[in-house]
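Read the structure below first, then the notes.
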Amino acid sequence: MSFLHNKVFRKLVLLVILAFSVLTFIFINKILMINIFIILSSVVSIYFIFTETYPIYLLIFLSFVTSYAFYGFLYQFNLPPWVIMLAIMVVFSYLFTYMEQKIGILGNKRLIYLVLFSLVILEVFLALSYFLINPLNQSIVISIVCYLFVGFCYTILARHTDNSFRTYLLIAGVSILIIFLSSNWGLLI
């Protein structure tokens, strides 16, 4: 597992995840303004990957575009769900490993939290796939769940005292409520 700590390998894997997700996002999504925003955000993400700064932004952005890409493979390309489930476990496990390294989580329970994080993301992904809301909204909800895990890891596991976990819970709860109340139920675009 020492190859996960190699900076060149870490940057390469993050760039592959970013390229796969953004290209799939642009291929599936036909709204020009959203695609321009994603392209600009991906350029910013490339800069953050090479400078190894703002890992929280990278996790949230990569979780958004990756989950949208996986929803595209599920809905439009009709890939078998088990393939998508396996891909979600691998990609989000790596993203969480990256976050653990950047936040500085130490201890023997890292693997437990890694598996827990990946399983929760997978369950949220599968539960949201039963709702008839836009995959963009579904991907935003997954990003919010990733934001909650970052808050949990940052405030509780890494014991940073500059922020409270209640703040993360409040922001995530309000965001999810706004998404569900403003969603157009029944249309998959």
Side-chain angles (χ1 to χ4, degrees), residues 1-6 9-11 13-14 16-18 20-21 45 48-49 52 54-74 79-131 133 135-177 179-180:
M1 294 293 267
S2 65
F3 64 89
L4 292 176
H5 297 285
N6 186 349
F9 180 77
R10 181 173 51 226
K11 291 177 185 178
V13 171
L14 288 173
V16 167
I17 292 172
L18 179 68
F20 160 76
S21 302
S45 297
F48 290 158
I49 288 172
E52 293 197 347
Y54 297 106
I56 295 172
Y57 169 81
L58 285 174
L59 175 74
I60 292 171
F61 179 71
L62 286 174
S63 66
F64 172 72
V65 291
T66 304
S67 60
Y68 187 82
F70 288 140
Y71 278 120
F73 283 120
L74 182 67
L79 276 179
W82 67 269
V83 172
I84 294 171
M85 290 168 61
L86 183 63
I88 288 171
M89 289 294 290
V90 170
V91 169
F92 281 96
S93 293
Y94 183 78
L95 289 177
F96 189 65
T97 301
Y98 172 72
M99 271 312 294
E100 284 179 335
Q101 292 172 357
K102 289 299 178 179
I103 290 177
I105 299 172
L106 302 173
N108 298 331
K109 296 183 180 180
R110 284 178 54 187
L111 183 62
I112 294 170
Y113 289 115
L114 175 70
V115 172
L116 178 69
F117 171 75
S118 301
L119 286 175
V120 166
I121 293 297
L122 178 62
E123 290 297 323
V124 170
F125 182 88
L126 292 174
L128 288 173
S129 67
Y130 288 107
F131 289 111
I133 59 175
L136 283 172
N137 291 341
Q138 293 171 336
S139 300
I140 291 172
V141 171
I142 290 176
S143 299
I144 292 170
V145 172
C146 289
Y147 172 77
L148 275 175
F149 269 99
V150 167
F152 177 77
C153 292
Y154 187 75
T155 59
I156 295 175
L157 296 181
R159 291 181 173 77
H160 291 273
T161 59
D162 58 342
N163 214 349
S164 172
F165 185 61
R166 284 184 235 144
T167 307
Y168 289 94
L169 281 174
L170 180 67
I171 291 172
V174 168
S175 302
I176 288 175
L177 184 66
I179 288 171
F180 280 136

Would you list the atom pairs, donor with acceptor, under 3.5 Å between side chains in residues 114-122 and any protein atom, with sequence neighbours excluded?
unit_1 : atom_1 : unit_2 : atom_2 : d
S118   : OG     : S93    : OG     : 2.6
S118   : OG     : L114   : O      : 3.1

For a quick test of reading the model, state the closest non-hydrogen atom pair linking [X] to [Y] and the distance between them.
X    : Y    : value
Q138 : F131 : NE2-O, 3.2 Å
T155 : S164 : CG2-C, 4.0 Å
I17  : L95  : CD1-CD2, 4.4 Å

Nearest 0.5 angstrom please: [X] [atom1] to [Y] [atom2], how far?
X    : Y    : atom1 : atom2 : result
M99  : L62  : CE    : CG    : 11.5 Å
R10  : Y94  : CZ    : OH    : 6.5 Å
I133 : L128 : CD1   : CG    : 6.0 Å
I88  : I142 : CD1   : CD1   : 6.5 Å
L136 : I179 : CG    : CD1   : 10.5 Å
Y68  : S21  : OH    : OG    : 12.5 Å

Apply side-chain hydrogen bond (donor to acceptor under 3.5 Å, both in side chains) to E123 and list each qualifying residue two or more places apart in sequence or on a separate chain. none
F73 meets the ring-ring contact (aromatic ring centres under 6.0 Å, His included) criterion, sequence neighbours left out, with F20, F77
Under the ring-ring contact (aromatic ring centres under 6.0 Å, His included) test, which residues partner Y71, sequence neighbours left out?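 Y71 satisfies ring-ring contact (aromatic ring centres under 6.0 Å, His included) with Y75, F125 only.
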side-chain contact (heavy atoms from CB on, under 4.5 Å) with V174: which residues, sequence neighbours excluded? L170, I178
Given the rule in the ring-ring contact (aromatic ring centres under 6.0 Å, His included) test, do F152 and Y168 qualify, once you have shown the distances and angles that lead to the verdict? CA-CA 8 Å; F152 177 77; Y168 289 94; over 10 Å; no
Name every donor-acceptor pair, under 3.5 Å, that has one atom in a side chain of residues 54-61 and the other anywhere in the protein, sequence neighbours excluded.
unit_1 : atom_1 : unit_2 : atom_2 : d
Y57    : OH     : S41    : O      : 3.2

Donor-acceptor pair, distance only, cut-off 3.5 Å: does the side chain of T66 make one with the backbone of S63? no
Tell me, do Y113 and F149 make a side-chain contact under 4.5 Å, heavy atoms counted? no
